[in-house]
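Worksheet for the structure shown next.
Counting starts at 1 for both ligands and their atoms, following the listed order. Note that this is a predicted model, so its numbers are computed, not measured.
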Amino acid sequence: MLKLETTPLKDCFILKPSVFEDHRGTFQESFSQRRFEEVTGLHINFVQDNQSTSTKGVLRGLHFQKGPFAQAKLVRIVLGKVLDVVVDLRPGSPTFKRSFKTILSSENHHQLFVPAGFAHGFLTLSETSVFAYKCDRYYHQEADAGVFWKDPDLNIDWEFPEEKLILSEKDAQLPHLKDLGL
Ligand SMILES: Cc1cn([C@H]2C[C@H](O)[C@@H](COP(=O)(O)OP(=O)(O)O[C@H]3O[C@@H](C)C(=O)[C@@H](O)[C@H]3O)O2)c(=O)[nH]c1=O
């Protein structure tokens with residue numbers, strides 16, 4: 001069984017797979033194309049799987065790929081706990097510039113579907129995290145883009161002490177929405 005829960009953002013949803021537990025541990029189908037299509041009605045050809053590890057306080061984001069390289073992503077946590085944040089950057093969408101945040105953890109096993117045209121980021125809340133995601137477009141360095149995590153126009157409460165955040169040099173210098181003409 002795979003359950004879908006809507007979010008306040010258009011086309012963005014949470015997937016909750018069945019998790020089987022026994023004396024050995026747990027089992028889940030972390031992705032089944034057939035079940036994904038049945039539950040979402042979407043036919044998406046995921047072509048790249050990514051995995052990153054982070055320590056507590058690492059904030060990656062908010063990222064997207066520009067134009068024709070925009071990626072839909074199906075994101076999940078393999079180990080640990082993160083605050084996952086998405087922003088609808090699709091001009092014309094009824095939820096344009098609105099954000100949504102949710103906890104993804106190896107306890108709740110939730111997955112988040114991030115539509116193409118969204119910016120995405122996450123903050124590691126556990127001592128370490130292993131984050132995994134599927135993308136429907138290949139990585140293109142030239143199309144790599146992002147929005148500053150603390151953009152006042154987004155007003156996202158990351159619920160974490162700012163002085164303890166760890167960012168890449170690139171992410172610390174990302175533009176604001178208004179610099180992107182959004
Ligand atoms: C994303 C990506 C990065 N790279 C390389 C580029 C760079 O040398 C190194 C680290 O890249 P980054 O610093 O961009 O990695 P990271 O900050 O983890 O980027 C990721 O953040 C999350 C929030 C997302 O949503 C992803 O789509 C992706 O943008 O890995 C690839 O080779 N392929 C890829 O698909």
Side-chain angles (χ1 to χ4, degrees), residues 7 9-15 30-31 36 42 44-90 93 95-106 108 110-151 154-160 162 164-177 179-180 182:
T7 74
L9 301 191
K10 188 164 189 311
D11 307 320
C12 178
F13 48 81
I14 293 167
L15 292 178
S30 51
F31 180 74
F36 180 86
L42 297 173
I44 293 189
N45 184 25
F46 289 111
V47 294
Q48 185 175 325
D49 277 15
N50 296 334
Q51 182 169 316
S52 60
T53 60
S54 304
T55 51
K56 189 173 188 167
V58 168
L59 190 164
R60 296 175 185 258
L62 298 156
H63 299 159
F64 62 93
Q65 290 201 152
K66 286 181 276 193
F69 300 107
Q71 297 168 307
K73 300 170 193 169
L74 183 62
V75 311
R76 69 190 179 97
I77 263 288
V78 176
L79 196 70
K81 181 176 171 181
V82 300
L83 179 70
D84 202 273
V85 176
V86 288
V87 183
D88 185 350
L89 292 182
R90 302 170 301 178
S93 165
T95 53
F96 181 48
K97 288 206 263 192
R98 279 177 55 190
S99 64
F100 170 73
K101 58 185 180 178
T102 190
I103 296 284
L104 302 178
S105 72
S106 41
N108 71 19
H110 291 178
Q111 304 185 1
L112 185 70
F113 178 74
V114 184
F118 274 44
H120 169 251
F122 62 93
L123 165 62
T124 294
L125 301 172
S126 47
E127 287 310 313
T128 59
S129 72
V130 180
F131 195 85
Y133 49 108
K134 307 180 86 62
C135 303
D136 76 338
R137 294 270 187 288
Y138 291 109
Y139 173 66
H140 276 273
Q141 200 170 22
E142 323 77 64
D144 193 35
V147 185
F148 189 49
W149 65 280
K150 210 175 49 165
D151 187 332
L154 293 174
N155 197 24
I156 298 163
D157 179 3
W158 290 83
E159 303 166 52
F160 199 84
E162 184 170 343
K164 290 191 177 155
L165 288 178
I166 304 164
L167 284 99
S168 67
E169 273 180 42
K170 183 184 75 171
D171 285 358
Q173 295 168 19
L174 285 175
H176 289 197
L177 277 185
D179 303 325
L180 297 168
L182 293 170

Test side-chain contact (heavy atoms from CB on, under 4.5 Å), reference Phe113, set Ile14, Ile44, Asp11, output is Ile44
Regarding Gln51 and Asp49, do their side chains bring together a donor and an acceptor under 3.5 Å, going by distance alone? no
Worksheet item: Any donor and acceptor pair, going by atom type alone, linking the side chain of Asn108 with main-chain N or O of Ile103 inside 3.5 Å?
Response: yes
Exercise answer, ligand 1 polar atom pairs (N/O) under 3.5 angstrom:
residue  : atom   : partner : partner atom : Å
ligand 1 : 14 (O) : Lys170  : NZ           : 2.7
ligand 1 : 18 (O) : Arg60   : NH1          : 2.8
ligand 1 : 19 (O) : His63   : ND1          : 3.3
ligand 1 : 21 (O) : His63   : ND1          : 2.8
ligand 1 : 25 (O) : Lys73   : NZ           : 2.9
ligand 1 : 25 (O) : His120  : ND1          : 2.6
ligand 1 : 27 (O) : Lys73   : NZ           : 2.8
ligand 1 : 29 (O) : His63   : ND1          : 2.8
ligand 1 : 35 (O) : Gln48   : NE2          : 3.0

Taken in chain and number order and not counting sequence neighbours, the residues that satisfy salt bridge (charged side-chain N to carboxylate O under 4.0 Å, His left out) with Asp84 are none
*Taking the six-membered ring for Trp, are Phe46 and Phe36 parallel (under 30°), tilted (30 to 60°) or perpendicular (over 60°)?*
perpendicular
His120 and Val86 have their tightest heavy-atom pair at CD2-CG1, 3.9 Å
